[in-house]
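Written below as structure tokens is the structure these notes are about.
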Amino acid sequence: MASLIGILGYPLTHSISPVFQQAALDHLGLDARYLAWETEPSKLGERVDSLRVDGVLGANVTIPHKEAVLQLLDEIDPTAQAIGSVNTIVNEGGRLKGHNTDAPGFLRGLREHGAFDPKGKKALVMGAGGSGRGVVFALAQAGIETVTLVNRTLSRAEGLAREVKARFPDVAIEAHQQAPHPLEYDLLVNCTSIGMKHTPMEGDTPVELKGIRAGALVCDLVYNPQETALLKLAKEAGARALGGLPMLIFQGAIAFDLWFERKAPVEVMFEAARKALR
Ligand SMILES: NC(=O)c1ccc[n+]([C@@H]2O[C@H](COP(=O)([O-])OP(=O)(O)OC[C@H]3O[C@@H](n4cnc5c(N)ncnc54)[C@H](OP(=O)(O)O)[C@@H]3O)[C@@H](O)[C@H]2O)c1
């Protein structure tokens, strides 16, 4: 019988994880299926318990379950615990272990597709939701020098800044409600949902890019559309632009490595994802 993996989220209409994960499984000839397990919040406990059986390797977890799922698992990897968010579950003989592959996936995207090393750099991070938390912890772990964290709800940014400061005392981090100008940063990351397709915010940008440093890297976690209004602005302003697709593929590839203990075929995954987003 085929092994099963899937994604837990609600709704799952726009998730392309089933497409690129199944492409990877088929490419390697693995007898496994990756399914969309749409799960209402009230059914999360039941669904998570159903992962403990033989033949289920684990799951990915997406909005809105990444935080709530922590208390339903048997063990949490320390990075996922610190971030407070799990996006990957591995079934270890009936015991469920939670991981966060968003943070290393983001860093791998920055390095391999943005040619950017955070060590000693200055970053502006917009958004202090689930992905903002992962990005800020990832940058801190990678030796970023300063982080200016901006969020519409200031208290959320202040809370995250305090947590980061306590864990990484060498990182200078401050919280604001709006991006302070001039934009003297090496890296700008959009971790808000502004710019997402199929929402009223499609076509909007989270910040004006006037005064941005030439050659600075602007990274948008939004991957649909692949070129957001923010990334267009960045290119017009002489900055470099990196979309959210590398992070999406790499978080999936790292999860794949955990389930199968072998390297995921990332190029196959990129190709399938690009086709799905066309
Ligand atoms: N590429 C990838 O692999 C990847 C991975 C994860 C997420 N993402 C993308 O990242 C984005 C955020 O995801 P998430 O999981 O962090 O979501 P989330 O936890 O719901 O957080 C949403 C964030 O966006 C802010 N926001 C929402 N609407 C806003 C508005 N109108 N004006 C200003 N700020 C607004 C929120 O601010 P408040 O705190 O004030 O509400 C919060 O900071 C989504 O587009 C998601 O698709 C991509």
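Predicted model, so just to flag it, every value in this text is computed and none were measured.
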Side-chain contact, heavy-atom cut-off 4.5 Å: Ser193 with Met201?
yes

One should read off an interatomic distance between Arg108 CZ and Phe250 CZ, to the nearest 0.5 angstrom, of 4.5 Å

Any Leu107 side-chain heavy atom under 4.5 Å of Pro118 side chain
yes

Could you tell me which non-hydrogen atom of Val218 sits nearest to which non-hydrogen atom of Ala239, and how far apart they are?
CG2-CB, 4.1 Å

Distance, nearest 0.5 Å, that separates CD of Glu40 from OH of Tyr10
4.5 Å

Are Asn151 and Gln177 close enough that a side-chain donor and a side-chain acceptor fall under 3.5 Å?
no

What pairs with Gln81 under side chain to side chain contact (heavy atoms under 4.5 Å, CB included), at least two apart in sequence or on another chain?
Leu70, Ile76

Which heavy atom of Gly130 sits nearest to which heavy atom of Glu67, and what is that distance?
CA-OE2, 3.8 Å

Less than 4.5 Å apart, side chain to side chain, heavy atoms only: is that true for Gln21 and Trp259?
yes

If only atom types and distance count, is the side chain of Thr39 paired as donor or acceptor with the main-chain N or O of Trp37 below 3.5 Å?
yes

side-chain contact (heavy atoms from CB on, under 4.5 Å) evaluation trace for Phe116 with Asp186
CA-CA 9 Å; Phe116 187 90; Asp186 307 299; 4.0 Å; yes

For a 4.5 angstrom cut-off between non-hydrogen side-chain atoms, does Met126 reach Val207?
yes

Just checking Glu92: does its CD atom have more than 12 heavy atoms from other residues, nucleotides or ligands closer to it than 6.0 angstrom?
yes

Taking only residues two or more places apart in sequence, or in another chain, which ones meet Ala273 in a side chain to side chain contact (heavy atoms under 4.5 Å, CB included)?
Ile16, Phe20, Leu245, Ile249

Flag the pair Leu28 / Pro265 as yes when at least one side-chain heavy-atom distance between them is below 4.5 Å, and no otherwise.
yes

side-chain contact (heavy atoms from CB on, under 4.5 Å), that's the test. Do Arg133 and Asp102 meet it? Break it down for me.
CA-CA 10 Å; Arg133 292 183 64 82; Asp102 280 334; over 6 Å; no

State whether the side chain of Lys165 and the backbone N or O of Val171 hold a donor-acceptor pair below 3.5 Å, judged by distance alone.
yes

Mind checking ring-ring contact (aromatic ring centres under 6.0 Å, His included) for Phe256 and listing every partner two or more places apart, or none if nothing turns up?
Phe260

Give every residue pair that meets the salt bridge (Lys or Arg N to Asp or Glu O under 4.0 Å) criterion with at least one member in residues 253-277, sequence neighbours excluded.
Asp257-Lys263

Do Leu160 and Leu154 share a hydrophobic cluster (ILVMFWY, side-chain heavy atoms under 4.5 Å, transitive)?
no

When you measure from the side chain of Gln251 to the backbone N and O of Leu248, does any donor-acceptor pair fall under 3.5 Å?
yes

Just how far is it from atom SG of Cys219 to atom CG of Leu110, taken to the nearest 0.5 Å?
5.5 Å

Could you go through the side-chain contact (heavy atoms from CB on, under 4.5 Å) check for Asn100 and Asp77 one step at a time?
CA-CA 8 Å; Asn100 185 302; Asp77 160 85; 5.6 Å; no

Please check this pair: side chain of Arg33 against backbone of Leu4, looking for a donor-acceptor N/O pair closer than 3.5 Å.
no

His181 side chain to Ala179 main-chain N or O, any donor-acceptor pair under 3.5 Å?
yes

Can any side-chain N or O of Gln226 pair as donor or acceptor with the backbone N or O of Gly244 at less than 3.5 Å?
no

How about Arg240: does its CZ atom have over 12 heavy atoms from other parts shown lying under 6.0 Å from it?
yes

Going hydrophobic residue to hydrophobic residue with side-chain gaps under 4.5 angstrom, can you get from Leu8 over to Leu96?
yes

Atom pairs and distances, donor-acceptor, side-chain atoms in residues 230-238, under 3.5 Å, two or more places apart:
from: Lys235; atom 1: NZ; to: Glu227; atom 2: OE2; distance (Å): 2.5

If you measure from the Lys or Arg side-chain nitrogens to the Asp or Glu carboxylate oxygens, is any gap between Lys97 and Glu75 under 4.0 Å?
yes

Minimum heavy-atom distance between Leu73 and Gly98, given as atom pair plus value
CD1-CA, 3.6 Å

Over all heavy atoms of both residues, which pair between Ala103 and Ala138 is shortest? Give the atoms and the distance, please.
O-CB, 3.7 Å

Under a 3.5 Å cutoff, is there a donor and acceptor pairing between the side chains of Thr228 and Asp220?
yes

Flag the pair Phe270 / His113 as yes when their ring centroid distance falls below 6.0 Å, and as no otherwise.
yes

Give the minimum heavy-atom separation between Gln71 and Ala68, together with the two atoms involved.
CG-O, 3.4 Å

Could you tell me if the side chain of Leu217 sits less than 4.5 Å from the side chain of Leu188, heavy atoms only?
no

With a 4.5 Å limit on heavy-atom distance, are the side chains of Thr146 and Ile173 in contact?
no

Distance (rounded to the nearest 0.5 Å) between Glu46 CD and Leu72 CG:
11.5 Å

Joint cluster assignment, Leu35 & Leu57, ILVMFWY side-chain distance < 4.5 Å
no

Does Lys122 reach the side chain of Glu184, with side-chain heavy atoms less than 4.5 Å apart?
no

Assess whether side-chain contact (heavy atoms from CB on, under 4.5 Å) is satisfied between Val125 and Asn190, documenting all intermediate values.
CA-CA 6 Å; Val125 176; Asn190 175 32; over 6 Å; no

Going by side chain to side chain contact (heavy atoms under 4.5 Å, CB included), name the residues that satisfy it together with Ser15, two or more places apart in sequence or in a different chain.
Ile7, Leu12, Ser17, Pro18

Would you kindly confirm whether Ile212 and Leu124 end up in one hydrophobic cluster when ILVMFWY residues are joined by side chain heavy atoms under 4.5 Å apart?
yes

Would you please say whether a donor-acceptor pair under 3.5 Å links the side chains of Asn87 and Asn60?
no

Distance-only, no hydrogens or angles: does the His99 side chain make a donor-acceptor pair with backbone N or O of Ile254 under 3.5 Å?
no

Is it true that Arg52 and Asp74 make a salt bridge, defined as a side-chain N closer than 4.0 Å to a carboxylate O?
yes

Can Lys121 and Glu145 be counted as an ion pair, charged N to O under 4.0 angstrom?
no

For Tyr185 and Arg213, work out which heavy atoms get closest and say how close.
O-CD, 3.7 Å

Find the distance between CD (Gln22) and NE2 (His27) and round it off to the nearest 0.5 Å.
13.5 Å

Assigning hydrophobic clusters by single linkage (Ile, Leu, Val, Met, Phe, Trp, Tyr; side-chain heavy-atom cutoff under 4.5 Å), is Phe106 placed with Ile194?
no

Rounded to the nearest 0.5 Å, what's the gap from CD on Glu158 to CZ on Arg162? Could you check?
6.5 Å

